[in-house]
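Please read the structure below before turning to the comments.
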Amino acid sequence: MNRSFYNRPVLEVARDLIGCVVTHDGAAGVIVETEAYHDSEPACHAFVGITPRTQTLFGAPGVAYVYRSYGIHALLNAVVEPPGVGAAVLIRALEPLRGIEQMQVRRGVSRVEALCSGPGKLTQALGIGLALNGTNLLHGPVVITGRRARWRDVRVAVDRRIGITKAVELPWRFCATGSRFLSRPALAAAEAGSA
DNA sequence: CATGGGATTGACT
DNA sequence: GTCAATCCCATGC
């Protein structure tokens, strides 16, 4: 995984991140669900232009954009596309891989399927907080590494994004087909080619 | 400076 | 199915 991976159209990166691994503070999981956001559409925070909040989104690709949602949860994104373009991939669900005991302690639940099955859940499970906004995803503290062998040929389903009120029709959600670790089941019909 | 609205979750009916 | 929690920040006066 290198910086050029992120310096591409957001839809490609969102699809290709399925099967990659997120690691932080002794815990890791395989990405099974993502969503794409781009400053050309109103559901994206960057739609309003460069502000203190969206500065990270318009910066270098391969950087973490972490923000607080509903006053409670921290949500993890990977900034993509060249500097000057406000785009990011929201990491929405992981299949737990390592540090499961630590995830169970942080989350206060034991069922493995419930540890990282949502964008707010996975940041809690991995101990990712707002302080990590702007940090580098190639060097850490939060690190994303490439697809493992077993995920090389994962099939990716496409669906509408969840929890938004604008641009709801765009099919910009990507899920590992048939995964038990999604925040919600994906539409079975549509599939995206996996590069 | 005041206000309103979330890229959610968990508890409850 | 409904709903509150809780805080950052964009917007408008």
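Chain A is the first sequence line, chain B the second, and so forth, proteins listed ahead of strands; every chain is numbered from 1.
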Legend entry - Within 6.0 angstrom of E113(A) CD, more than 12 heavy atoms from elsewhere: yes
Inset, instruction - Provide, to the nearest angstrom, the distance between the CZ atom belonging to R184(A) and the C1' atom belonging to dA7(B). - result: 14 Å
Inset, instruction - Name the nucleic acid region contacted by R92(A), choosing base, sugar-phosphate or nothing; use a 4.0 angstrom heavy-atom cut-off, strictly under. - result: sugar-phosphate
Inset, instruction - Could you tell me which nucleotide pairs with dA7(B) by Watson-Crick or G-U wobble geometry, both distances under 3.5 Å, or answer none if nothing does? - result: none
Legend entry - Separation of dC9(C) P from H45(A) NE2 (nearest whole Å): 11 Å
Inset, instruction - With the side chain counted from C-beta on, respond yes when F181(A) and E33(A) share a heavy-atom pair under 4.5 Å apart, and no when they do not. - result: no
Legend entry - ILVMFWY network linking V142(A) to V79(A), side-chain heavy atoms under 4.5 angstrom: no
Legend entry - Short side-chain N/O contact from K121(A) to OP1 or OP2 of dG10(B), under 4.0 Å: yes
Legend entry - Expected output: side-chain N136(A) to main-chain V63(A) donor-acceptor under 3.5 Å: no
Inset, instruction - Would you mind classifying the nucleic acid contact of I164(A) as base, sugar-phosphate or nothing, using non-hydrogen atoms under 4.0 angstrom? - result: sugar-phosphate
Inset, instruction - Could you state the atom-to-atom distance from CG of L57(A) to P of dA7(B) in whole Å? - result: 13 Å
Inset, instruction - Under the salt bridge (charged side-chain N to carboxylate O under 4.0 Å, His left out) rule, what do R161(A) and E35(A) come out as? Steps first, then yes or no, please. - result: CA-CA 6 Å; R161(A) 295 176 294 182; E35(A) 283 177 0; 5.4 Å; no
Inset, instruction - Mark yes when over 12 heavy atoms from residues, nucleotides or ligands other than R3(A) sit less than 6.0 Å from its CZ; otherwise mark no. - result: yes
Inset, instruction - Evaluate salt bridge (charged side-chain N to carboxylate O under 4.0 Å, His left out) for R8(A) paired with D16(A), printing each intermediate quantity in order. - result: CA-CA 11 Å; R8(A) 294 187 295 147; D16(A) 292 346; 3.0 Å; yes
Using nucleotides 10-13 of chain C, report all nitrogen or oxygen pairs with the protein that are shorter than 3.5 Å.
from: dA10(C); atom 1: OP1; to: T51(A); atom 2: OG1; distance (Å): 2.8
from: dA10(C); atom 1: OP1; to: R53(A); atom 2: N; distance (Å): 3.3

Inset, instruction - Please list, by residue number, the residues of residues 96-108 of chain A whose heavy atoms come closer than 4.0 Å to an atom of DNA chain C; answer none if no residue qualifies. - result: none
Legend entry - Spacing of L122(A) atom CG relative to dA7(B) atom C1', expressed in whole Å: 12 Å
Legend entry - Under 3.5 Å donor-acceptor, T56(A) side chain and G134(A) backbone: no
Legend entry - Protein-nucleotide distance (R160(A), atom CZ; dA7(B), atom P), rounded to Å: 17 Å
Inset, instruction - Enumerate the residues from residues 65-88 of chain A whose closest heavy atom to DNA chain C is under 4.0 Å, giving them by residue number; use none for an empty result. - result: R68(A), Y70(A), G71(A), I72(A)
Legend entry - Ring-ring centroid check Y67(A) H45(A), cutoff 6.0 Å: yes
Inset, instruction - Let me know the distance between CG of N133(A) and C1' of dA7(B), rounded to the nearest Å. - result: 15 Å
Legend entry - D153(A) and R147(A): CA distance, side-chain angles, deciding distance, salt bridge (charged side-chain N to carboxylate O under 4.0 Å, His left out) verdict: CA-CA 9 Å; D153(A) 298 314; R147(A) 277 186 190 171; over 6 Å; no
Legend entry - K166(A) NZ - dA7(B) C1' separation (whole Å): 11 Å
Inset, instruction - Report the C-alpha separation of V80(A) and Y6(A) in whole Å, then their side-chain angles, then the decisive distance to 0.1 Å, and conclude whether the side-chain contact (heavy atoms from CB on, under 4.5 Å) test is met. - result: CA-CA 5 Å; V80(A) 301; Y6(A) 297 99; 4.1 Å; yes
